[in-house]
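The chain is numbered in sequence order, starting from 1. Side chains included, hydrogens not; waters and symmetry mates left out as well; all remaining heavy atoms used. These figures come from a predicted structure and were not determined experimentally.
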Amino acid sequence: MDNQGEPTRRIPSRRELRAQREQALAAQQNETEPKIEEPRETPSELASANPSSEAQSEANVAPVVEETPITAPVAENPVTTPEPTDETTVKFAPTTPVSAEAQAQTITRQAIENKARRIEQEGGPREEFLNTSRKQPKKQKRGRIISTLIILLLMAALVFGGIYLAKMLLGQTEEAPADYSGGGSGVVTVEIPQGATGSQIASMLKEQDVVASTDAFVSAFKANPEAKNIQPGTYTLANKMSSAAAVAALLDSANRVDNDLTIPEGFTLKQIKQRLIKRAGYTEEQLNAALKDTNAIGLPAEAKGNVEGWIAPATYTQKKGEDAKALFKTMIETNTKRLEKLGIPRDQWQVALTKGSILEREVAKKEYLPMVARVIDNRLDAEKGKEVLNRLQMDSTVAYASGRTSGLPTQQELQADSPYNTYKNAGLPPTPIGVVGDAALEAVMHPADGNWLYFVTTNLDTGETKFYDTYDEFVKGKAELAEYCKTHEKSCY
């Protein structure tokens, strides 16, 4: 009682408010649901049933009020109460249709709350029970997910393990490709063409029974890092060799029975014959006889019976026992195929080879090839070449007539009566004067633009060349060359 003697109304506890709120919410969601709740006895009822001294003393402390929403009592000296919080405020949502799942969840929650109240009445840990009951479904769900993942991982491990085991078993039972052992016996001649791959070489060797199978040779070819250095040519091998031995034999130059012959740009026919005599073992008589048989060596009619300039610069392989005619035929066919590939019309083959052979002798640097080609065309032009009487006046043609391949012509050579003396004769010489490379032929077909009629290589060591439109400019260039030759006699003469 307060100081005025009036009884003070007891404020319900937070637990009681929460119970009221949950009961109201459950009733609103499903009014027809049975309530699993045991009857509760109020302290007053207990007192009336058992009028003991203890009950009487409790009745004198405070009267019991009904569990209704709390309102502040009106009194002269009102008791100050705290402002209601979110936990003590009950908000009622409008009634909406509830699904069967929601109803089931509501019943479950209600059962948990009822059991919690009974535990509380018996003095047990109500809050701990609530926390445990609410977390249990999540734990159960998480456990199911983890179990499922473990099962899936085990299944995947079994599948991949089975695949790996199957591959292991298959690999162990797969037979290795057939292969001979040792270095073999007997003698077999095998020709390896230019650009042959390991598989192509394997097929050639298998066909002649050098190796037992193509697969075994390809494996040995890949296993040997030097195999890529196998050179084209003719080799002496053995029958029934192991693949590894066959690869090693092809890498040994001692097993080659052919000969590589390189013909460079600018070589004259005289120089080619000298190389064939020295390197290929032919006699001069054999070579001269082959050159005269123009049909056998496939010389085109445009060459007019002269092989000079009609051999392509390349490296040729002389096969064992190959005669000179067959070798010359290969060289000439290589050249005609090249002319076709470059797109040079057949009726211009002889002219293109002649101009190109002069460029090979006159030009030391490839960058000057198109410019010298233009000088040749300007001098041969009926109008532009009038100043020089359409004479090429090329030192290279005069040197060719004298049987030389370098140096400046002497005054005696300049006066020589020869169709290759372009100082005395107008137009081109009767034939090319040497082997022609692709760059020179390209320059002939696509000369640079310019009005040049003269050019002078002022430094024979570096190849520096200067071009002039007029004779007076050319004279100055000749003087510069003369000064150079005073200190470089060996280069000039």
Side-chain angles (χ1 to χ4, degrees), residues 166-264 272 275-283 286-287 290 296-298 311-334 337:
K167 287 184 177 180
M168 289 283 291
L169 293 174
L170 289 174
Q172 292 175 355
T173 58
E174 184 179 355
E175 295 183 359
D179 196 6
Y180 295 128
S181 62
S185 61
V187 178
V188 179
T189 301
V190 179
E191 182 180 351
I192 306 300
Q194 182 74 33
T197 64
S199 298
Q200 292 171 336
I201 296 174
S203 298
M204 299 172 194
L205 299 183
K206 174 64 172 63
E207 184 177 351
Q208 299 192 49
D209 197 29
V210 175
V211 297
S213 67
T214 57
D215 289 342
F217 181 85
V218 170
S219 297
F221 186 92
K222 292 180 178 179
N224 192 327
E226 297 296 325
K228 61 183 179 181
N229 296 321
I230 293 177
Q231 299 297 313
T234 303
Y235 294 81
T236 298
L237 304 177
N239 288 114
K240 296 179 172 28
M241 301 178 70
S242 71
S243 296
V247 172
L250 291 173
L251 287 170
D252 188 353
S253 60
N255 294 316
R256 288 192 62 179
V257 294
D258 53 16
N259 188 25
D260 286 342
L261 302 167
T262 300
I263 308 300
I272 293 174
R275 177 157 292 187
L276 294 180
I277 292 171
K278 182 178 180 180
R279 296 284 303 276
Y282 297 116
T283 65
Q286 289 175 325
L287 296 177
I297 63 178
I311 291 175
T315 297
Y316 299 93
T317 299
Q318 178 198 20
K319 301 175 183 178
K320 185 177 181 179
E322 186 177 27
D323 63 18
K325 290 181 182 180
L327 182 57
F328 276 128
K329 183 176 182 179
T330 299
M331 293 177 172
I332 293 171
E333 285 181 349
T334 302
K337 290 179 180 179

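- Of the inter-residue distances, the one linking T214 atom OG1 with K206 atom NZ reads 7.5 Å to the nearest 0.5 angstrom.
- For the pair D260 and R279, the tightest heavy-atom approach, listed with the atom from each and the gap, is O-NH2, 3.1 Å.
- With Q200 contributing its side chain and T197 its backbone, the two residues share a donor-acceptor pair below 3.5 Å.
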Solution key, residues 238-249 side-chain donor-acceptor pairs under 3.5 Å, sequence neighbours excluded:
unit_1: N239; atom_1: ND2; unit_2: Q208; atom_2: O; d: 3.3
unit_1: K240; atom_1: NZ; unit_2: D209; atom_2: OD2; d: 2.6
unit_1: S242; atom_1: OG; unit_2: G182; atom_2: O; d: 3.4
unit_1: S242; atom_1: OG; unit_2: A245; atom_2: N; d: 3.1
unit_1: S243; atom_1: OG; unit_2: D179; atom_2: OD1; d: 3.2
unit_1: S243; atom_1: OG; unit_2: F217; atom_2: N; d: 3.2

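- A distance of 4.0 Å separates CD1 of I297 from CD1 of I332, quoted to the nearest 0.5 Å.
- A donor-acceptor pair is defined here as one N or O able to donate and one able to accept, closer than 3.5 Å; such a pair exists between the side chain of S213 and the backbone of A178.
- The structure places CD of E333 at 12.5 Å from CE of M331, a figure rounded to the nearest 0.5 Å.
- The side-chain heavy atoms of T189 and Y235, taken from C-beta on, include no pair separated by under 4.5 Å.
- Nearest heavy atom pair, residue V190 against residue V210, reads CG2-CG2, 4.3 Å.
- Of all the heavy atoms in D215 and P177, the pair that sits closest is CB-CB, 3.7 Å.
- Of the possible donor and acceptor atoms, one in the side chain of Q318 sits under 3.5 Å from a partner among the backbone N and O of A280.
- Test I201, N229, N224 against L250 for side-chain contact (heavy atoms from CB on, under 4.5 Å) and you get one pass: I201.
- By the 4.5 Å heavy-atom criterion applied to side chains, L205 and V188 are not counted as neighbours.
- D323 places none of its side-chain heavy atoms less than 4.5 Å from the side chain of Q286.
- Closest heavy-atom contact between A296 and K329: O-CD, 3.6 Å.
- Minimum interatomic distance between K325 and A290 (heavy atoms only, all atoms of both residues): CG-CB, 3.6 Å.
- L276 is listed as a side-chain neighbour of L261, based on a closest heavy-atom distance under 4.5 Å.
- Counting heavy atoms from C-beta outward, I311 and T334 have side chains that stay 4.5 Å or more apart.
- Contact between E322 and Y282 at its shortest, heavy atoms only, is O-OH, 2.6 Å.
- Within the 4.5 Å cutoff, no side-chain heavy atoms of L287 are placed close to those of T283.
- Looking at heavy atoms from C-beta onward, R256 lies in side-chain contact with T317 at the 4.5 angstrom threshold.
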